[in-house]
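No hydrogens, no waters, no symmetry mates; every other heavy atom, side chains included, goes into these values.
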Amino acid sequence: MSTPHIIPKAVLYYDARSAWSLAVLLALEEKGYGKDEVDLKLVNLSKGENFSPTFLRINPKGTVPTLVVPFENTLTPDMESRYKAITDTEAIIAFLDKSRSIMSHTHTTSAAPAPALSPATIELSAMAKSIIALIHSSPASPELLFYFNAGDSTTLKTVSPSVSAFLKGRKGALEHYLAEDEANEIRVSEKTKKFWLDKKSTTEELLASLDEADKSEPDLSEGGKKAREEYFEKTKAAWEVGLALVLTKLSKELVGPFALGEQISIVDVHLAAWLHELVTLSGGDTRDNGIAAISRLEAHVGGGFTLAKDAVTAVPAMAPRSSSNPATPATAIEPPKPKLAVLWDTLTERPSWQKVFGVRG
Ligand SMILES: N[C@@H](CCC(=O)N[C@@H](CS)C(=O)NCC(=O)O)C(=O)O
Ligand SMILES: *[C@@H]1O[C@H](CO)[C@@H](O)[C@H](O)[C@H]1NC(C)=O
């Protein structure tokens, strides 16, 4: 009997509500990966599925995205040691970029082109690293900005149900796993147990900060009043201080129209997912144009925050310059706008954007 040729596939663990998972989905589209090349497995964060013993064996940090990939020489029976998990968004996207190129055809049914998304020069690589590090830094964290996203009681009433539901789902899952361990129904290491206890206590802390979030001001207890004030302060620190600095720094580093210039790169898939999340958290819409989306974001950051309008875009003129009409300019200049607005317009036009975010408009 001959050994069946099982072609091992990469598996992407993701949650469609997680910004960094969506960055990976965008990368798959931009790279032209076929549907048959990567298996997508949903890990529902609001059910705490990322804390299950099974998932923690794959990624002990319990985060998505996680990409499990076969090693190169895969056609041997010893499958166990032949997989590795990539648990960091930047590394996952870099891996996906390298693994599909014009030279190295993957086993695919996709005829889509496989553009190289990693920058080709040392200078551009350094710029890419810097921007990716900036938007993955803790003050830029989509999770932080999701947890603390109300600066007044009215907004709090709107956002707290979804944040509370998310946190309660996590807490429930953690309690369930801890109880299973207590009852000896499952066997986990001390390290895993400690991980669960730590996650449970940070989740409970966050929940406590939303205590009585559904009540109006006059009905609050003393404790509730204090918790609410603290929540508002944390929101202000996250958006008006932390994120404002990140956005200002970011817009200085962007070249335009894409992050690094005329061509799309790995940076843009990170940025697209991140910016989409921020605009959504700001009450904006996927279908907003660049100026509308970025104005929303600026207003939501608060404290009169604005970005520099330093992007000058040329639009083609109606009539081409000709010797008979030398006064006609070749291009007209649009009013300057923030670079992030130009980036937004550039990214939202791409098929990858419509595929990943289109339906959620
Ligand atoms: N540094 C990691 C962060 C990934 C991350 O934090 N993912 C979030 C969702 S966007 C997550 O899995 N959170 C679950 C948790 O921390 O419990 C990366 O870039 O991959
Ligand atoms: C994840 O779980 C939540 C809570 O049970 C549920 O409302 C949501 O639909 C689930 N998401 C997906 C993509 O299945």
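At least one side-chain heavy atom of Glu212 sits less than 4.5 Å from a side-chain heavy atom of Ser221. Residues Thr63 and Asn50 form no side-chain contact, since every pair of their non-hydrogen atoms from C-beta on lies 4.5 Å or further apart. Using a 4.5 Å heavy-atom cutoff, the side chains of Leu26 and Leu347 are not in contact. You'll find the side chain of Pro338 reaches within 4.5 Å of the side chain of Glu298, heavy atoms only. The shortest side-chain heavy-atom distance between Trp196 and Val188 falls under the 4.5 Å cut-off. Side-chain contact check for Tyr231 versus Thr235: some heavy-atom pair is nearer than 4.5 Å. Using a 4.5 Å heavy-atom threshold, the side chains of Val267 and Ile135 count as separate. Using a 4.5 Å cut-off on side-chain heavy atoms (C-beta onward), Phe146 and Ser18 make no contact.
Between Leu145 and Ala238 the shortest heavy-atom distance is CD2-O, 3.8 Å. Closest non-hydrogen pair, His270 versus Trp20, comes out as O-CZ3, 3.5 Å. Scanning all heavy atoms of the two residues, the minimum distance from Ser160 to Leu210 falls at CB-CD2, 4.0 Å. When all heavy atoms of Val255 and Lys339 are compared, the closest pair comes out as O-CD, 4.1 Å. Here the closest non-hydrogen pair linking Pro257 and Glu262 is CD-OE2, 3.8 Å. Heavy-atom minimum distance, Leu67 versus Leu96: CD2-CD2, 3.9 Å.
Taken together through direct or relayed side-chain contacts under 4.5 Å among Ile, Leu, Val, Met, Phe, Trp and Tyr, Ile291 and Leu343 form parts of separate hydrophobic clusters. Trp274 is connected to Leu25 through a chain of hydrophobic side-chain contacts under 4.5 Å among Ile, Leu, Val, Met, Phe, Trp and Tyr, so both are in one cluster. Linking Ile, Leu, Val, Met, Phe, Trp and Tyr whenever their side-chain heavy atoms come within less than 4.5 Å puts Ile93 and Tyr33 in one cluster. Under the 4.5 Å side-chain heavy-atom criterion for Ile, Leu, Val, Met, Phe, Trp and Tyr, Phe95 and Ile58 are members of the same hydrophobic cluster. One hydrophobic cluster holds both Val38 and Leu22 under the rule that ILVMFWY side chains link at heavy-atom gaps under 4.5 Å.
Salt bridge Asp285/Arg287: present, at least one basic N to carboxylate O contact under 4.0 Å. Classification of Lys225 and Glu229 as a salt-bridged pair fails, no side-chain N sitting under 4.0 Å from a carboxylate O. Between Arg170 and Glu204, none of the side-chain N atoms (NZ, or NE/NH1/NH2) sits under 4.0 Å from a carboxylate O, so this pair counts as no salt bridge. Between Glu230 and Lys234 there is no salt bridge, since no side-chain N of the basic residue sits under 4.0 Å from a carboxylate O of the acidic one.
Atom-to-atom distance recorded for Trp344:CH2 and Leu297:CG is 9.0 Å, nearest 0.5 angstrom. Between Ser153 atom OG and Asp214 atom CG the span is 11.5 Å, to the nearest 0.5 Å. Here the CG atom belonging to Leu124 is positioned 10.5 Å from the CD1 atom belonging to Ile266, to the nearest 0.5 angstrom. Atom CG of residue Leu245 and atom CG of residue Leu134 lie 10.0 Å apart, to the nearest 0.5 angstrom. In this structure, the separation between NZ on Lys215 and CG on Leu156 is 13.0 Å, given to the nearest 0.5 Å. For the atom pair OG1 (Thr280) and CZ (Arg296), the distance works out to 11.0 Å, reported to the nearest 0.5 Å.
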| said: Under the criterion side chain to side chain contact (heavy atoms under 4.5 Å, CB included), I'd like the reasoning laid out for Phe357 against Thr348: C-alpha separation, chi angles, the key distance, then a yes or no. | reply: CA-CA 9 Å; Phe357 301 128; Thr348 52; over 6 Å; no
| task | Any chance you could lay out the side chain to side chain contact (heavy atoms under 4.5 Å, CB included) test for Val241 and Lys236, step after step, and finish with the verdict? | result | CA-CA 7 Å; Val241 183; Lys236 204 172 155 135; 5.7 Å; no
| Given the rule in the salt bridge (charged side-chain N to carboxylate O under 4.0 Å, His left out) test, do Glu190 and Lys194 qualify, once you have shown the distances and angles that lead to the verdict? | CA-CA 6 Å; Glu190 277 306 306; Lys194 184 174 181 306; over 6 Å; no
| Derivation of the salt bridge (charged side-chain N to carboxylate O under 4.0 Å, His left out) call for Lys171 and Glu175 | CA-CA 6 Å; Lys171 186 176 175 229; Glu175 281 166 348; 3.6 Å; yes
| request: Could you walk me through whether Val163 and Leu206 pass the side chain to side chain contact (heavy atoms under 4.5 Å, CB included) test, one step at a time? | output: CA-CA 9 Å; Val163 181; Leu206 282 165; over 6 Å; no
| said: Run Leu28 and Leu12 through side chain to side chain contact (heavy atoms under 4.5 Å, CB included) and show every step you take. | reply: CA-CA 10 Å; Leu28 288 174; Leu12 175 68; 4.3 Å; yes
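Judged purely by atom type and a 3.5 angstrom limit, Asn149 uses its side chain to pair as donor or acceptor with the backbone of Leu281. A distance-only check finds no donor-acceptor pair linking the side chain of Glu29 to the backbone of Pro351 [under 3.5 Å]. In this structure, Trp239 contributes its side chain and Phe148 its backbone to a donor-acceptor pair below 3.5 Å. Panel note: side chain Asp268, backbone Ser265; a donor-acceptor pair is recorded below 3.5 Å. At least one donor-acceptor pair under 3.5 Å links the side chain of Lys31 to the backbone N or O of Pro115. No side-chain donor-acceptor contact under 3.5 Å links Asn44 to the backbone of Glu49. Side-chain atoms of Ser282 never come within 3.5 Å of backbone atoms of Gly284 as a donor-acceptor pair (strictly under, hydrogens ignored). Checking side-chain atoms of Asp97 against main-chain N and O of Ser118 turns up a donor-acceptor pair under 3.5 Å. Formation of a donor-acceptor pair under 3.5 Å by the Ser52 side chain with backbone atoms of Gly48 is not found in this model. Under the 3.5 Å distance criterion, the side-chain polar atoms of Tyr14 are left unmatched by any main-chain donor or acceptor of Val24.
When only modelled atom types and interatomic distance are considered, Glu37 and Ser110 share no side-chain donor-acceptor pair under 3.5 Å. Counted by atom type alone, Ser189 and Thr192 present one or more donor-acceptor pairs between their side chains at under 3.5 Å.
Ring orientation note: the planes of Trp353 and His276 are nearly perpendicular, at an angle over 60° on the 30°/60° scale.
Tyr13 and Phe55 have their aromatic ring centers within a separation under 6.0 angstrom.
Only one option out of Leu278, Asp345, Leu340, Val342 pairs with Ile294 in a side-chain contact (heavy atoms from CB on, under 4.5 Å); it is Leu340.
The number of heavy-atom neighbours closer than 6.0 Å to CD of Gln263, taken from other residues, nucleotides and ligands shown, is 12 or below. The environment of Lys61 atom NZ is dense: over 12 non-hydrogen atoms of other residues, nucleotides or ligands sit within 6.0 angstrom.
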